[in-house]
Amino acid sequence: MNTPETLLNNKDFSLFARLAIAAVIAIVCAAANMPEGVKAGLCIAAVVIAAYELFITVFRSVVKLHFFSEHLLMLAALIVTLASGHYPEAVLSAMLFRISDFLCSKLRLHALDMAKSTGCQPDTTKKSRMETFAEKAMRFYVPAVIVIALLLALIPMIFVKDASPWLSRAAIILMVCCPCALTFSMPLCSLFAIYRMSQEGVALNAVSAMEQLAATNTIVLDKSDAISTIKYIISDVLPVPGLSSGNLLRLAAYAVSTSDHPAAPAVTAAYGGDIDPSFVTGSEQIPGLGVLAHVKGLVICAGSLAMMDKMDMNAAASALSTDTGAMHVAVNGTYAGCIVISKKASEGAKKAVEAIANIGTNRIVLFSSDSTNATARAARELGIGEYFAECSSDDKTRQLEKLLAETFPEETLTYIGNSSSLLKQADAGIAVGENVEGCDAVLTTEDMGAVADAILTAKRGRSIIMQSLIFALILKLILLVITLIGVAPFWLAVLADSGAAILTTANAIRAGQ
């Protein structure tokens, strides 16, 4: 998706022109025979032309007392490279830095735009643990590298007349040790992975959520939100003594025949007989309780246990069933029995649970407010071995706290449901069908299998970040050694970071494919 933010603009074309001017200056200085002072002046001008934004960024950081960043390290590398007399190489380094920075910025905007086009609004200010660790490490890494380079450049001046080779070695260390390859590619990879997940049906609300999902080891499913469907089934028919199951179903079917309750079709289907609408002379739906119908001279009440309580039949109804899914029936003020109605998990839910179990999730737990029997039945159908039934909101909170305490620090507990408090409490919270406050992600499809796909994408994104990290470190180490011992030309040291940054940035795109 191309948007005005990601298309080339006048500022971009200005950058291209500046890079072209800097390249011409570098080529002329490398090829032409000119005084050293002139060459130095031209190349310093070319560095400023190519990467003056770097100078501005460092200045602003210093003003804010933020001294230790990859930008400061790159600026130090450019200055020492120029001081060591490697003028064209300094220009090349400045150009590659700006090219990699430009590519990363454009790709970042592009990834954000693509994610937003699918309804995802990732908060880029919430950094992942890996990014946060990298930022903290910079506070020690940057000054350590600068101090080592300074010592390598200054100490030999005490003992040797010509210290220029040591100044070159200091420049090489600064060049190779710049962390731009990682600081550029890491957040970019996360954004492309987020775009891919949003396409799969899970929209993340923060970049940090990708890392949380990638570390998922325990998943808690809230039955009412995550795995139930609108398909209801009759799991049991319990008439009082002297009344047959068929007659109880017939009475209930007539009572709910004019009701818009989603369970009504399941009752009439279980009855199986024809229903004559003329027999129903009146019907009243009582919100949250049930229905009161006049059927051929009979007053039939069909509803919840709370409705039976209002009709002073709670004792008889409770003795038969306390299942929250039970429809209790009374005729002319006399309790007649109950029909236990359950929400049946779809085939898609079963496959989704299987998929979640197959991606390395060691623990799947089911939370439900239904009765123990109904919850056990649903867990058995889904292949879930651990469940908690008859849970109130407080019960779910306490159980989630216990599960979190049993989860290792490097692992994540992911909750899938619509309880705002549980979404906030879990390491990662996925809301179902709506953007509930406090959630880290939203399931935007009816297929819960998207969760498994999203977790796999998050794991792949984390793997790509690690690949880039290892690749950059190996490349830097190789180039550091061969340039320090003089086997390879100095310009190869330039490729150790800026070149690696371009390659790792390109590798990050794979997270969105």
Side-chain angles (χ1 to χ4, degrees), residues 5-30 32 34 36-109 138 142-143 145-146 149 167 170-172 174-185 187-188 490-491 493-502 504-505:
E5 286 85 1
T6 56
L7 291 172
L8 296 178
N9 52 45
N10 291 335
K11 187 177 180 181
D12 299 330
F13 288 115
S14 173
L15 171 63
F16 298 155
R18 284 162 41 208
L19 292 176
I21 293 170
V24 170
I25 293 175
I27 293 171
V28 170
C29 290
M34 61 179 67
E36 196 72 11
V38 175
K39 184 184 292 186
L42 286 173
C43 286
I44 290 172
V47 167
V48 175
I49 290 171
Y52 76 84
E53 295 93 343
L54 176 63
F55 294 84
I56 295 174
T57 300
V58 172
F59 175 76
R60 288 174 178 172
S61 297
V62 171
V63 169
K64 295 177 182 178
L65 302 180
H66 181 205
F67 300 102
F68 307 124
S69 67
E70 67 274 14
H71 297 94
L72 178 63
L73 203 55
M74 175 54 71
L75 181 58
L78 290 175
I79 293 172
V80 176
T81 301
L82 288 168
S84 66
H86 295 86
Y87 306 123
E89 289 87 347
V91 179
L92 175 62
S93 179
M95 290 173 59
L96 286 174
F97 174 80
R98 282 299 292 127
I99 291 171
S100 58
D101 185 37
F102 169 79
L103 289 175
C104 185
S105 298
K106 284 296 177 181
L107 287 171
R108 180 178 180 276
L109 286 174
M138 287 298 161
V142 172
V145 172
I146 291 176
L167 196 59
I172 289 170
L174 289 170
M175 282 286 183
V176 174
C177 292
C178 280
C180 298
L182 304 179
T183 56
F184 284 0
S185 64
L188 184 62
F490 185 95
W491 60 264
V494 173
L495 298 178
D497 188 62
S498 296
I502 294 174
T504 53
T505 297

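Checked against the 6.0 Å centroid criterion, the rings of F102 and F16 qualify as a close aromatic pair.
For the side chain to side chain donor-acceptor pair (under 3.5 Å) condition, the pairs that include at least one residue of residues 74-85, sequence neighbours left out, are S84-H86.
Counting only distance, with no hydrogens or angles, the side chain of R108 and the backbone of L188 share no donor-acceptor pair below 3.5 Å. Using a distance-only test at 3.5 Å, with no hydrogens or angles considered, no donor-acceptor pair links the side chain of S14 to the main chain of N10.
C29 approaches C43 most closely through the heavy-atom pair SG-SG, 3.6 Å. Nearest heavy-atom pair, A501 versus T504, reported as atom, atom and distance to 0.1 Å: O-OG1, 3.1 Å. Between V80 and L174, the shortest heavy-atom contact is CG2-CD1, 3.4 Å. Shown here for L82 and Y87, the closest heavy-atom pair between the two residues is O-CE2, 3.2 Å. Contact record, A26 with P88: O-CB, 4.1 Å, taken as the closest heavy-atom pair. Residues L54 and H71 share a closest heavy-atom pair of CD1-O, 3.5 Å.
Counted within 6.0 Å of CZ on F55, heavy atoms from surrounding residues, nucleotides or ligands total more than 12; the atom is thus considered enclosed.
Here the side chains of M74 and V58 are not in contact, with every heavy-atom distance at 4.5 Å or above. Between L15 and R18 the shortest side-chain heavy-atom distance falls below 4.5 Å. Within the 4.5 Å cutoff, no side-chain heavy atoms of M138 are placed close to those of S69. Put simply, the side chain of L73 reaches to within 4.5 Å of the side chain of I146, judged on heavy atoms. Looking at heavy atoms from C-beta onward, L72 lies out of side-chain contact with H66 at the 4.5 angstrom threshold.
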Where do L42 and M34 land on the side chain to side chain contact (heavy atoms under 4.5 Å, CB included) test, with the steps shown first? CA-CA 11 Å; L42 286 173; M34 61 179 67; 3.9 Å; yes
Stepwise side chain to side chain contact (heavy atoms under 4.5 Å, CB included) test for I49 and L19: CA-CA 7 Å; I49 290 171; L19 292 176; over 6 Å; no
The test is salt bridge (charged side-chain N to carboxylate O under 4.0 Å, His left out); show your working for E53 and K11 and say whether it passes. CA-CA 12 Å; E53 295 93 343; K11 187 177 180 181; over 6 Å; no
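Put simply, CD1 on I56 and OG on S61 are 11.5 Å apart, with the number rounded to the nearest 0.5 Å.
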